[in-house]
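Report on one structure; see the data block that follows.
None of these values were measured; they are calculated from a predicted model.
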Amino acid sequence: MLDNYIAEVRKRCLEYKLDPNVIPAFTRLSNEELARIQGEYKERLHIIRLFMDKFLGKSKGIPILVAVTDDKGNIIEYMGDESLEDTVVNQIGLQKGVRFTEEQAGVNSILAALELEMPVQVIGDDHYYHFLHLTACYSVPLFLQEKVIGTISMMTFLHVANPMIMASLETVVDSIKRELDLREQNRYLDEMNQMILEQSKTGYIVLDESGNIVKVNPKAQAIMDEIPHQNYSSIRDMEQLGEVHERYEKNHEAIQDYEIILQNGTENRSCLVDFFPFQAGTLIQIRDITEYKMTEAYIQNAEKLSIIGHLAAGVAHEIKNPLTTLKGFIQLVQENRYSDTYPAIMLNEIERIDQITNEFLVLSRPTVQAKDWYDVRELVKEIGVLLSSFAISKNIEITHNFKDIEPIYCDANQLKQVFINLVKNSVEAVGHNGRLDITVESPNPESVLIRFMDDGDGFPKHILQRVGQPFLTTKEDGNGLGIMVCKRIVETIHNGEMIIYNKQGGGAIVDIILPQT
């Protein structure tokens with residue numbers, strides 16, 4: 001291939017009427033154009049110099065000149081032996097900015113390497129010009145991401161020409177290529193990571209090993225309007241994140257899904273934060289879940305309203321009984337049939353109405369987490385009227401089986417909502433004169449079990465496999481959000497477990513297992 005190429009170029013040299021005995025005058029780039037190209041190749045030239053300086057340092061005593069060209073054949077750098085500069089380079093005016101063209105240079109290794117995209121050596125009288133017959137030239141194309149971006153060439157005297165020069169040059173250029181490819185890949189990854197950081201919906205803060213803030217992406221700045229790191233030299237200066245970071249450093253473990261409230265102007269933002277080791281420092285992820293929390297509260301309140309609607313008839317019935325009693329006593333008083341026992345009975349009936357309305361109000365209170373130590377048995381008793389209200393219309397018997405347990409740390413109002421929801425579901429699932437058993441016991445010292453067991457038809461198999469997913473329901477007018485809300489209260493807020501299954505012989509069982517603390 002090379003022989004054919006040289007033969008073709010020699011023919012064209014005759015057509016160009018080049019005189020092999022005359023030293024050609026080369027075209028040179030302007031200083032501005034040369035500076036522009038060198039600027040584009042700045043990083044590449046830096047890498048080439050590092051490798052070639054080592055190579056030339058190990059080749060001391062051998063007259064070698066190294067020239068670097070761009071992909072158009074323009075010399076943008078050269079280095080090497082001064083003897084070649086004095087005897088050859090200066091004679092023909094080879095210098096930075098010289099452009100090699102076939103019309104001027106004739107047969108040369110630089111253009112051959114660019115056109116053939118392969119290592120090329122032109123030795124002695126292979127050159128078209130006679131003044132180059134005492135030299136040997138070697139050129140290797142330099143590839144970056146599979147594209148030729150220039151050449152690295154060597155010139156030496158003919159008497160020291162050796163095939164090992166070409167082999168050594170190819171090895172060095174291959175090393176340069178791999179280094180440039182690696183840097184290009186790293187640059188691409190850096191740009192990609194930067195773009196992801198800039199566009200991400202997750203906030204990111206990067207800390208050095210001393211806890212100083214070195215990087216903050218736009219989302220983190222948006223979540224916390226006080227966070228730009230020019231205002232904070234250290235994460236310790238930030239109250240909420242500083243406390244979590246102190247815990248992270250103390251335990252030497254990654255922190256995930258830690259919920260905190262961050263101040264943003266006049267509003268608070270609910271966020272989940274993660275702390276991970278990153279290089280010598282720490283990477284903090286911040287996810288704003290404020291909208292999610294608002295949606296979750298909306299769904300939970302919507303489920304409350306649904307329960308309230310179903311309770312209305314039962315509560316009305318419960319209130320009507322004491323009202324009837326009060327009405328009767330008032331009529332007796334009007335007829336002057338008064339007894340000293342009447343006030344006490346009337347007060348008892350009024351207290352009963354007050355108890356019923358207080359229980360009813362449990363469902364209308366805003367969902368604000370307020371944990372304390374409670375006896376689960378007492379929580380079930382406190383909503384006894386509401387639970388019995390569900391059962392009135394179908395004459396369903398609700399029984400309690402309470403064993404000795406220790407108080408647990410929980411949110412009483414939210415657990416009451418879970419209990420009411422589960423009783424409501426059971427009552428709707430069983431037939432008239434059915435039965436619902438509520439058991440409270442401690443299966444072990446670390447937990448409490450609350451079991452709801454009815455004698456209905458149980459869950460269809462296709463529902464049981466996906467129970468707890470939103471909008472999955474067997475009711476014609478249901479929305480499938482009730483069990484989802486219950487699971488969230490039990491599993492997310494209380495770190496408990498909610499297990500739903502069918503019992504043999506018919507009926508469904510819902511087990512709620514809550515930790516003591």
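Looking at every heavy atom in both residues, Leu241 comes nearest to Phe275 through O-CZ, 3.9 Å. Listed here is the closest heavy atom pair of Cys271 and Ile223: SG-CG2, 3.7 Å. Here the closest non-hydrogen pair linking Leu2 and Gln121 is CD2-O, 3.8 Å. Arg247 approaches Tyr258 most closely through the heavy-atom pair NH1-CE1, 2.6 Å. Smallest separation of non-hydrogen atoms from His494 and Tyr409: CD2-O, 4.4 Å. When all heavy atoms are compared, the tightest approach of Thr101 to Leu111 is C-CD1, 3.5 Å.
Atom OH of Tyr138 is separated from atom CE of Met166 by 7.5 Å, given to the nearest 0.5 angstrom. Considering CG of Leu514 and CD of Glu446, their distance stands at 14.0 Å, rounded to 0.5 Å. Once rounded to the nearest 0.5 Å, the distance linking CE of Met52 with OG of Ser59 reads 8.0 Å. In this structure, the separation between CD1 on Ile493 and CZ on Arg488 is 3.5 Å, given to the nearest 0.5 Å. With rounding to the nearest 0.5 angstrom, the CG atom of Leu415 is 10.0 Å from the SG atom of Cys486.
Under the rule for a side chain to side chain donor-acceptor pair (under 3.5 Å), the partners of Glu249 that lie at least two apart in sequence or sit in another chain are Arg236. For Arg287, the side chain to side chain donor-acceptor pair (under 3.5 Å) test picks out Asp257, Asp274, with sequence neighbours left out. Partners of Tyr16 according to the side chain to side chain contact (heavy atoms under 4.5 Å, CB included) rule, which considers only residues two or more places apart in sequence or in another chain, are Arg12, Leu18, Glu102, Glu103. Residues satisfying the side chain to side chain donor-acceptor pair (under 3.5 Å) test with Ser447, not counting sequence neighbours, are Asn444. Under the rule for a salt bridge (Lys or Arg N to Asp or Glu O under 4.0 Å), Asp71 has no partner lying at least two apart in sequence or in another chain. Ser139 meets the side chain to side chain contact (heavy atoms under 4.5 Å, CB included) test with Ser109, Ile110, Ala113, Ser153; sequence neighbours excluded. Under the side chain to side chain donor-acceptor pair (under 3.5 Å) criterion, Thr171 pairs with no residue at all, not counting sequence neighbours. Checked against salt bridge (Lys or Arg N to Asp or Glu O under 4.0 Å), Glu184 has the following partners two or more places apart in sequence or in another chain: Arg187.
At a threshold of 4.0 Å, the pair Arg49-Glu77 counts as salt-bridged, since one of the basic side-chain nitrogens sits closer than that to a carboxylate oxygen. Taking a cutoff of 4.0 Å between a charged side-chain nitrogen and a carboxylate oxygen, Lys424 and Glu428 qualify as a salt bridge. Look at Asp411 and Lys371 and you find no salt bridge, because none of the NZ, NE, NH1 or NH2 atoms lies under 4.0 Å from a carboxylate O.
No donor-acceptor pair under 3.5 Å is formed between the side chain of Thr492 and the backbone N or O of Ile489. Judged by distance alone, the side chain of Asp70 and the main-chain N or O of Gly73 form a donor-acceptor pair under 3.5 Å.
Annotation: side chain of Val68 is not in contact with side chain of Thr151 (no heavy-atom distance under 4.5 Å). In this structure, the side chains of Val98 and Thr27 stay at 4.5 Å or more apart for every pair of heavy atoms. Side-chain contact between Val66 and Leu56: present, with at least one pair of heavy atoms (C-beta onward) separated by less than 4.5 Å. Counting only heavy atoms from C-beta outward, the side chains of Met118 and Met1 approach each other to under 4.5 Å. In this structure, Ile149 and Tyr41 have side chains that are in contact, with non-hydrogen atoms separated by less than 4.5 Å. Contact of the Leu422 side chain with the Ile512 side chain is registered, since non-hydrogen atoms from C-beta on lie closer than 4.5 Å. Here the side chains of Val148 and Leu142 are not in contact, with every heavy-atom distance at 4.5 Å or above. At least one side-chain heavy atom of Gln145 sits under 4.5 Å from a side-chain heavy atom of Asp181.
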Evaluate Glu209 against Thr282 for side chain to side chain contact (heavy atoms under 4.5 Å, CB included), listing each step before the verdict.
CA-CA 7 Å; Glu209 58 186 346; Thr282 306; over 6 Å; no
Does the side chain to side chain contact (heavy atoms under 4.5 Å, CB included) test come out yes or no for Ile48 and Ile152, once each step is laid out?
CA-CA 9 Å; Ile48 291 169; Ile152 299 179; 4.1 Å; yes
Chi angles and distances behind the side chain to side chain contact (heavy atoms under 4.5 Å, CB included) call for Asn502, Asp457: CA-CA 9 Å; Asn502 291 329; Asp457 296 328; over 6 Å; no
Exercise. What's the verdict on side chain to side chain contact (heavy atoms under 4.5 Å, CB included) for Lys219 and Ser200, showing C-alpha distance, side-chain angles and the deciding distance?
Worked result: CA-CA 7 Å; Lys219 184 60 179 181; Ser200 176; 5.7 Å; no
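In this structure, a donor-acceptor pair under 3.5 Å is present between the side chains of Asp288 and Thr290.
The salt bridge (charged side-chain N to carboxylate O under 4.0 Å, His left out) pairs that include a residue from residues 21-40 are Glu33-Arg36, Arg36-Glu40, where partners are two or more places apart or lie in different chains. Applying the ring-ring contact (aromatic ring centres under 6.0 Å, His included) test to residues at least two apart or on different chains, the pairs with a partner in residues 159-218 are Phe157-His159. Sequence neighbours left out, the pairs with a member in residues 155-176 that pass salt bridge (charged side-chain N to carboxylate O under 4.0 Å, His left out) are Asp174-Arg178. Sequence neighbours left out, the pairs with a member in residues 122-131 that pass side-chain hydrogen bond (donor to acceptor under 3.5 Å, both in side chains) are Asn21-His130.
The local environment of CD in Glu198 is crowded, with over 12 non-hydrogen atoms from other residues, nucleotides or ligands closer than 6.0 Å.
The side chain to side chain contact (heavy atoms under 4.5 Å, CB included) test with Ile284 singles out one residue from Ile205, Val206, Val244, and that residue is Ile205.
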